[in-house]
Amino acid sequence: MRLNADFNERVVLRPEDRDWVASPMAGVDRQMLDRVGEEVARATSIVRYAPQSYFSEHTHGGGEEFFVLEGVFSDEHGDYPPGTYVRNPIGSKHTPHSEHGCTIFVKLHQFDEADTEQKVIETADAEFLPGQVPGLTVLPLHSHGTESAALVRWAPGTKFLPHQHWGGEEILVLEGTFQDEHGDYPAGSWLRSPHGSKHTPWSDEGCLIYVKTGHLAALTEAA
């Protein structure tokens, strides 16, 4: 399967643009955002666990990164409430489940082989740092090589400078509405902008976004 697999293209998916698709495990559904491969794939998805649903034990051949959007996600290593950011490196394994149901944003098979750090951050209790412009605060999540991931909070009326994305940019809008000259993106919207793209973002009402940068240059060249 190849879904939004041309990394030279800008992709925008708002909540109404996506459908839930059943996974091989009962009670586990997903919205596929991008995908290269079949059941084992380089994939970015939103995954929903029904209450009392389980996924079989599996090994992360290319690593796993996820952010808990709703509910509590669990595995044999612990329970992860809303706002938890987790990185499971290449070769790690677990058996995930959810007692009461949950929804997570997950990225699979996208780790550099040298990126071996296992990480759990409960962002609800973490301190955001001042950003580059007034009204912007940032919570760094991870950095390796050119790749960087963070949560960014925009106060109402915050405007950012025009800028270019070296290595591309990927955004999931968690709260509020994110905006740029190309459109408005309410909570739940997912954007992927290619290497070299430009925009001037702002937020009239304020928003919270997950943002990853610098991770698409090699894919853009290979597409």
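Quantities reported herein were computed from a predicted structural model and do not represent experimental measurements.
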Check your understanding: In terms of side-chain heavy atoms, does His60 have a donor or acceptor partner in His109 at a distance below 3.5 Å?
Key -> no

Do other residues, nucleotides or ligands put more than 12 heavy atoms under 6.0 Å from the CD atom of Glu181? yes

Q. Do Ser53 and Val28 come close enough that some side-chain heavy atom pair is under 4.5 Å?
A. yes

message: I want to check something: taking the side chain as every heavy atom from C-beta on, are Pro186 and Arg14 in contact at a cut-off of under 4.5 Å?
response: yes

Checklist line | N/O donor-acceptor pair under 3.5 Å between Thr200 side chain and Leu161 backbone | finding: no

Just do the side chain to side chain contact (heavy atoms under 4.5 Å, CB included) check on Met32 and Asn4 with the steps written out, would you? CA-CA 9 Å; Met32 299 181 183; Asn4 295 323; over 6 Å; no

- Do Phe178 and Trp154 have ring centres separated by under 6.0 Å? yes

Could you tell me whether the side chain of Asp180 reaches within less than 4.5 Å of the side chain of Tyr185, counting heavy atoms only? yes

Could you tell me whether Glu16 atom CD has more than 12 heavy atoms of other residues or ligands within 6.0 Å of it? yes

Is a donor from one side chain sitting under 3.5 angstrom from an acceptor on the other, for Tyr49 and Asp29? no

Scanning both residues in full, the closest heavy-atom pair of Met25 with Ser56 reads CE-N, 3.7 Å

Output yes when a side-chain donor or acceptor of His195 lies under 3.5 Å from a complementary backbone atom of Ala217, and no otherwise.
no

Side-chain heavy-atom pair Ile171, Tyr210 within 4.5 angstrom cut-off:
no

Inset, instruction - Indicate whether any N or O donor in one side chain lies under 3.5 Å from an N or O acceptor in the other, for Asn88 and His77. - result: no

Do Leu13 and Leu69 belong to the same hydrophobic cluster, where Ile, Leu, Val, Met, Phe, Trp and Tyr are linked whenever their side-chain heavy atoms lie under 4.5 Å apart, directly or via other members? yes

Minimal heavy-atom distance between Leu33 and Arg18, with the atoms involved, is CD2-CD, 3.2 Å

query = How about Gln52 and His97: do any of their side-chain heavy atoms sit closer than 4.5 Å?
reply = no

When rounded to the nearest 0.5 Å, the distance separating OH of Tyr54 from OG of Ser74 is 9.0 Å

All heavy atoms of Glu122 vs all of Thr84, minimum pair found to be CG-OG1, 4.0 Å

Practice prompt. For the residue pair Glu99 and Val72, establish whether any side-chain heavy-atom pair is separated by less than 4.5 Å.
Written response: no

Start with the C-alpha distance between Asp112 and His144, add both sets of side-chain angles, then the distance that settles side chain to side chain contact (heavy atoms under 4.5 Å, CB included), and finish with yes or no. CA-CA 8 Å; Asp112 186 292; His144 177 82; 3.8 Å; yes

**Prompt:** Do Val211 and Val11 belong to the same hydrophobic cluster, where Ile, Leu, Val, Met, Phe, Trp and Tyr are linked whenever their side-chain heavy atoms lie under 4.5 Å apart, directly or via other members?
**Reply:** no

Between Glu38 and Met1 (side chain of the first, backbone of the second, donor and acceptor by atom type, cut-off under 3.5 Å), is there such a pair? yes

To the nearest 0.5 Å, atom CZ of Phe111 lies from atom OG of Ser92 at 7.5 Å

Should Leu139 and Tyr85 be regarded as members of a common hydrophobic cluster, given that ILVMFWY residues are connected when their side-chain heavy atoms come within less than 4.5 Å of each other, either directly or indirectly? yes

Exactly one of Gln110, Arg35, Lys212 clears side chain to side chain donor-acceptor pair (under 3.5 Å) with Thr44, and that residue is Gln110

Q) Looking only at side chains, do His165 and Lys198 share a donor and an acceptor under 3.5 Å apart? A) no

Between the CD atom in Glu147 and the NE2 atom in His142, the distance rounded to the nearest 0.5 Å is 6.0 Å

Minimal heavy-atom distance between Pro201 and His163, with the atoms involved, is CD-CE1, 3.5 Å

Check: Will you find, in the side chains of Glu205 and Thr177, an N or O donor that is under 3.5 Å from an N or O acceptor?
Finding: yes

*asked:* Hydrophobic clustering (ILVMFWY, side-chain heavy atoms < 4.5 Å, transitive) - are Leu3 and Trp190 grouped together?
replied: no

In this structure, CZ of Phe73 is separated from NE2 of His100 (nearest 0.5 Å) by 15.5 Å

When every non-hydrogen atom of Val68 is compared with those of Gly71, the smallest separation belongs to CG1-O, 3.5 Å

**Request:** Salt-bridge test for Arg10 and Glu170: reply yes if a basic N is under 4.0 Å from a carboxylate O, no otherwise.
**Result:** no

For this session: Taking the side chain as every heavy atom from C-beta outward, state whether Lys159 and Val133 have any pair of such atoms under 4.5 Å apart.
Result: no

Counting neighbours of CD on Glu113 that are heavy atoms of other residues, nucleotides or ligands and sit closer than 6.0 Å, is the number greater than 12? no

Side chain to side chain contact (heavy atoms under 4.5 Å, CB included) test vs Phe67 passes for just one of Leu151, Val86, Ile104, Val106, namely Leu151

In terms of heavy-atom contacts, Gly61 and Ile90 come closest through O-CG2, 3.2 Å

Taken to the nearest 0.5 Å, the spacing of Thr95 OG1 from Asp75 CG works out to 8.0 Å

Query - Heavy-atom check, side chain of Lys93 versus side chain of Glu57, under 4.5 Å - result: yes

Donor-acceptor contact below 3.5 Å, side chain Ser45 vs main chain Arg30
no

Using 4.0 Å as the upper bound for N to carboxylate O, is an ion pair formed by Glu64 and Lys119? no

Distance col, row Glu70:CD vs Cys102:SG, nearest 0.5 angstrom, shows 9.5 Å

Ring-plane angle category for Phe66 and Tyr80, please: parallel below 30°, perpendicular beyond 60°, tilted otherwise.
perpendicular

**OP:** Treating Ile, Leu, Val, Met, Phe, Trp and Tyr as nodes and any side-chain heavy-atom pair under 4.5 angstrom as an edge, say whether Leu208 and Ile121 lie in one connected cluster.
**Re:** yes

Scan side-chain atoms only and decide if Gln31 and Asp19 contain a donor-acceptor pair under the 3.5 Å cut-off.
no

